Amino acid sequence: MKIIILGCGRVGATLATMMDRAGHSVTVIDYSTDAFQRLESAFNGETIMGDGIDEEVLRRAGIEQAAVFVAVTNGDNRNIMASQIAKDIFAVPTVLCRIYDPIRTEVYQGLGLQVICPTIVGADLFRDAIEKSLAKSTPNTTPRTR
């Protein structure tokens with residue numbers, strides 16, 4: 001399966017490595033060639049330096065054959081724009097977009113983007129850990145909820 005990942009930070013590089021190891025055809029786009037150093041030396045995919053909201057860069061990455069597009073740069077605006085281009089212009093079947101801002105998450109989910117918000121995911125994990133800890137320390141009481 002052809003997967004394009006926009007952003008080669010920690011998440012993008014880790015995801016690219018995972019998908020490459022799983023046997024997928026992976027292309028990573030980043031505006032900095034230094035970012036590609038995060039990929040492990042055994043990475044068999046392709047790297048493209050460029051702006052992921054530039055349609056020509058996306059074409060060079062093979063977006064017209066992509067089954068999946070993932071936008072994981074550090075900028076919500078770039079991720080949103082690139083995801084909309086992948087979804088609406090190139091009709092990529094699966095488009096995933098990282099958005100840090102929980103308010104924007106709701107808005108763009110409402111517009112049909114598949115959004116992952118690390119802020120919400122992280123807060124949920126911390127809440128669950130706190131509730132488990134409280135349940136262990138006070139087994140006969142019920143944790144308060146808002």
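Note that the structure is a prediction, hence the values are computed from the model and not measured. Sequence positions, counted from 1, serve as the residue numbers for this chain.
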(request) Tell me, yes or no, whether the heavy-atom count around Leu111 atom CG, taken from other residues, nucleotides or ligands under 6.0 Å, exceeds 12. (result) yes
(request) Look at atom OH of Tyr31 and say whether more than 12 heavy atoms of other residues, nucleotides or ligands are closer to it than 6.0 Å. (result) no
(request) First locate atom CD of Glu46, then atom OG of Ser25, and finally report the distance between them rounded to the nearest 0.5 Å. (result) 8.0 Å
(message) Strictly distance-based, threshold 3.5 Å: is any side-chain N or O of Thr14 a donor or acceptor partner for the main-chain N or O of Arg10?
(response) yes
(request) Please answer whether the main-chain N or O of Val28 pairs with a side-chain N or O of Thr47 as donor and acceptor at a distance below 3.5 Å. (result) no
(request) Please round to the nearest 0.5 Å and tell me the distance separating atom CG of Leu125 and atom CD1 of Ile120. (result) 12.0 Å
(message) Out of the candidates Val72, Thr73, Ile5, only one should pair with Val11 under the side-chain contact (heavy atoms from CB on, under 4.5 Å) rule; please name it.
(response) Val72
(request) Check whether any side-chain heavy atom of Glu106 sits under 4.5 Å from a side-chain heavy atom of Ile99, and report yes or no. (result) no
(message) Could you report the tightest heavy-atom contact between Pro93 and Ala67, atom names first, then the distance?
(response) CD-O, 3.7 Å
(request) Would you mind reporting whether Asp30 and Met49 have side-chain heavy atoms less than 4.5 Å apart? (result) no
(message) Using 0.5 Å steps for rounding, measure from the CD1 atom of Ile63 to the CD atom of Glu56.
(response) 12.0 Å
(request) Considering non-hydrogen atoms only, spot the tightest contact between Ala66 and Val92 and give its length. (result) O-CG1, 3.8 Å
(message) Taking Glu64 first and then Lys2, would you say they form a salt bridge - that is, a charged N and a carboxylate O separated by under 4.0 Å?
(response) no
(request) Determine whether Pro118 and Tyr100 make a side-chain contact, defined as any pair of heavy atoms from C-beta on separated by less than 4.5 Å. (result) yes
(request) Give the intermediate values and the outcome of side chain to side chain donor-acceptor pair (under 3.5 Å) for residues Arg104 and Asn77. (result) CA-CA 10 Å; Arg104 284 183 173 183; Asn77 290 337; 2.7 Å; yes
(message) Can you confirm whether Val70 sits close enough to Leu6 that some side-chain heavy atom of one is under 4.5 Å from a side-chain heavy atom of the other?
(response) no
(message) With clusters defined by side-chain heavy atoms of hydrophobic residues (ILVMFWY) lying less than 4.5 Å apart, directly or transitively, does Ile116 cluster with Val107?
(response) no
(request) Indicate, with yes or no, if Leu15 and Val68 share a hydrophobic cluster defined by side-chain heavy-atom contacts under 4.5 Å among Ile, Leu, Val, Met, Phe, Trp and Tyr. (result) yes
(message) For Arg38 versus Ala13, what's the shortest heavy-atom pair and its separation?
(response) CB-CB, 3.6 Å
(request) Could you tell me whether the side chain of Thr27 reaches within less than 4.5 Å of the side chain of Ile48, counting heavy atoms only? (result) yes
(request) For residues Gly52 and Ala82, report the shortest heavy-atom separation together with the two atoms involved. (result) O-CB, 3.7 Å
(request) Please check if any side-chain donor atom of Asn44 sits under 3.5 Å from a side-chain acceptor atom of Arg21, or the reverse. (result) no
(message) Quick one, Ile29 and Leu58 - any side-chain contact, counting heavy atoms below 4.5 Å?
(response) yes
(request) Could you pull out the closest heavy-atom pair between Cys97 and Ser83, with the gap in Å? (result) CB-OG, 3.2 Å
(request) Measure the spacing between CG of Asn79 and CD of Gln84 and express it to the nearest 0.5 Å. (result) 11.5 Å
(request) Kindly work out whether a path of hydrophobic side-chain contacts (I/L/V/M/F/W/Y, heavy atoms less than 4.5 Å apart) joins Ile80 to Leu96. (result) no
(request) Output yes when Asp51 and Arg78 qualify as a salt bridge under the 4.0 Å nitrogen-oxygen rule, no when they do not. (result) yes
(message) Is there a path of hydrophobic side-chain contacts, each under 4.5 Å between heavy atoms of I/L/V/M/F/W/Y residues, joining Leu113 to Ile89?
(response) no
(message) Taking Val95 as the starting point, is it possible to reach Val115 by hopping between hydrophobic residues whose side chains are less than 4.5 Å apart?
(response) no
(request) State, yes or no, whether a side-chain contact exists between Lys87 and Phe69 at a heavy-atom distance under 4.5 Å. (result) no
(request) Write down the atom of Met19, the atom of Val26, and the distance for their closest heavy-atom approach. (result) CB-CG2, 3.7 Å
(request) Hey, could you give me the CD1/CE distance between Ile3 and Met18, rounded to the nearest 0.5 Å? (result) 12.0 Å
(message) Are Ile85 and Ile53 packed together at the side-chain level, in the sense that at least one heavy-atom pair is separated by less than 4.5 angstrom?
(response) yes
